[in-house]
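Worksheet: the structure to be examined is printed underneath.
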2 protein chains.
Amino acid sequence: MQAAAQAFAEKGFHATTTRDIASGAGLSPAGVYVHFGSKEELLFNLSRSGHESALRLLRRAIGEGATPTEQLETLMARFTEWHVEQYQVARVVQYEHHHLTPEHHAEVLALRKEMDSLVRDVLDRGVADGAFSVDDSADTALALLSIAVDVARWYSPTIKRTPTEIGATNAALALRLVGAGR
Amino acid sequence: MQAAAQAFAEKGFHATTTRDIASGAGLSPAGVYVHFGSKEELLFNLSRSGHESALRLLRRAIGEGATPTEQLETLMARFTEWHVEQYQVARVVQYEHHHLTPEHHAEVLALRKEMDSLVRDVLDRGVADGAFSVDDSADTALALLSIAVDVARWYSPTIKRTPTEIGATNAALALRLVGAGR
DNA sequence: CAGGTAACTAAGCGCTTGCTTAGTTTCTCT
DNA sequence: AGAGAAACTAAGCAAGCGCTTAGTTACCTG
């Protein structure tokens, strides 16, 4: 799975051959099929576990914060850090899921919607208690997720900034975007 | 090129066959090679003309605004609208360029850097004349581009909102992000 | 330490891929 | 009308693809 994550992240699902994955894992081409029934099954396992890991992270971050402001700040920092530290898995999660079979795609889409509504709920609570000022919570949630998700697109391990620094930057941008603390 | 843009945007460069492109253009498989020497050449032509079109759009938007605030607002609205209206080309521009040959990739990367610095310059001028308050103009420019670029990822023609509406939303978010008008 | 199971490989099958070749049709211009 | 160029197609080649099969090695358990 690690070899597949690396290859899918680097070249995309269709540009990756099962021979790439096998040799990346130190196996013969047939060795992959002892553990996975198909290349798509490998993508699905990676995609599902990646989505679940990101979802757990979001829930934990929200659980840690006492106020919507704290929750948003922690959530944005941790979610961004995850996209940096796990940038290979994150790329698979964000950019390869449409290569899944329709059934598998539907399963993963449900997890993605859940992530979206977790963020929107934090915004709505912040608006309700007056901490945030936001025109439309759906649009703003989407923009927040765009900033974090896009990290997986531009990040490269050659970049010097640490995950914590990038996370803190995005957390600060998030607070600005919702008008917290004016 | 239109058939290729549609196929590349829908399935990605490697998942698209030259036969897909040919039949999309109403040609036989060999007919494509009358006009393009290879599949990669087709991607390069699309990618370059797409980047150039986006770059022209940014320059025009900046030229229209009298102040950095106006420039940022127009730029963000137009750039977002472009990602909606030309979402197939935009997807190729944003997500397929790493499948180019090293030489072609380098050429396109130069155009991408140019786009980035156009946005950062607007931010810097806004900070200089006191209209914006921004911690780091590079980080903020990246976040602004993330919000706009990500439109190509989530947009679908089934969505009811018009390009203009989405553009206006993102322009408003951009002004918030740079602390304009407090 | 025998017996069963899981992990693995060498070889390769059937198919699809990007692209070519040889030949035909369509267009353009005088 | 007719020549030359450009646009196109039918057929197919060599290479690479996902995946299978038959057989071998490594491992765990009683």
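Please read all numbers here as calculations on a predicted model, not as lab measurements. Just so we're on the same page: letters track the sequence lines, and every chain starts at 1.
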Requested in this report: Just do the salt bridge (Lys or Arg N to Asp or Glu O under 4.0 Å) check on A:Lys11 and A:Asp20 with the steps written out, would you?
Outcome: CA-CA 11 Å; A:Lys11 318 196 274 181; A:Asp20 290 336; 2.7 Å; yes

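- Note on B:His14: every side-chain N or O is 4.0 Å or more away from OP1 and OP2 of C:dT17.
- Looking at the side chain of A:Tyr33, the nearest of the listed nucleotides D:dT9, D:dG18, C:dG18 is D:dG18.
- Under the 6.0 Å cut-off for aromatic ring centres, A:Phe79 and A:His83 qualify, their centroids lying closer than that.
- Between A:Ser38 and B:Gly26, the residue anchored nearer the 5' end of DNA chain D, judged by the nucleotide with its closest heavy atom, is B:Gly26.
- The environment of A:Glu64 atom CD is dense: over 12 non-hydrogen atoms of other residues, nucleotides or ligands sit within 6.0 angstrom.
- Taking 4.0 angstrom as the limit, A:Thr18 places none of its side-chain polar atoms (N or O) nearer than this to OP1 or OP2 of D:dC19.
- Of the candidates D:dA10, C:dT9, D:dC17, D:dC17 carries the atom nearest the A:Arg19 side chain, counting heavy atoms from C-beta on.
- Set against C:dT20, C:dC8, C:dG12, the side chain of B:Ala30 has C:dT20 as its closest nucleotide.
- The side chain of B:Val34 sits closest to D:dT9 out of D:dG18, D:dT9, C:dC19.
- Of the listed nucleotides (C:dC8, C:dG18, C:dG12), C:dG18 has the atom at the smallest distance from the side chain of B:Lys39.
- Interatomic distance, A:Met76 CE to A:Leu72 CG, rounded to the nearest 0.5 Å: 7.5 Å.
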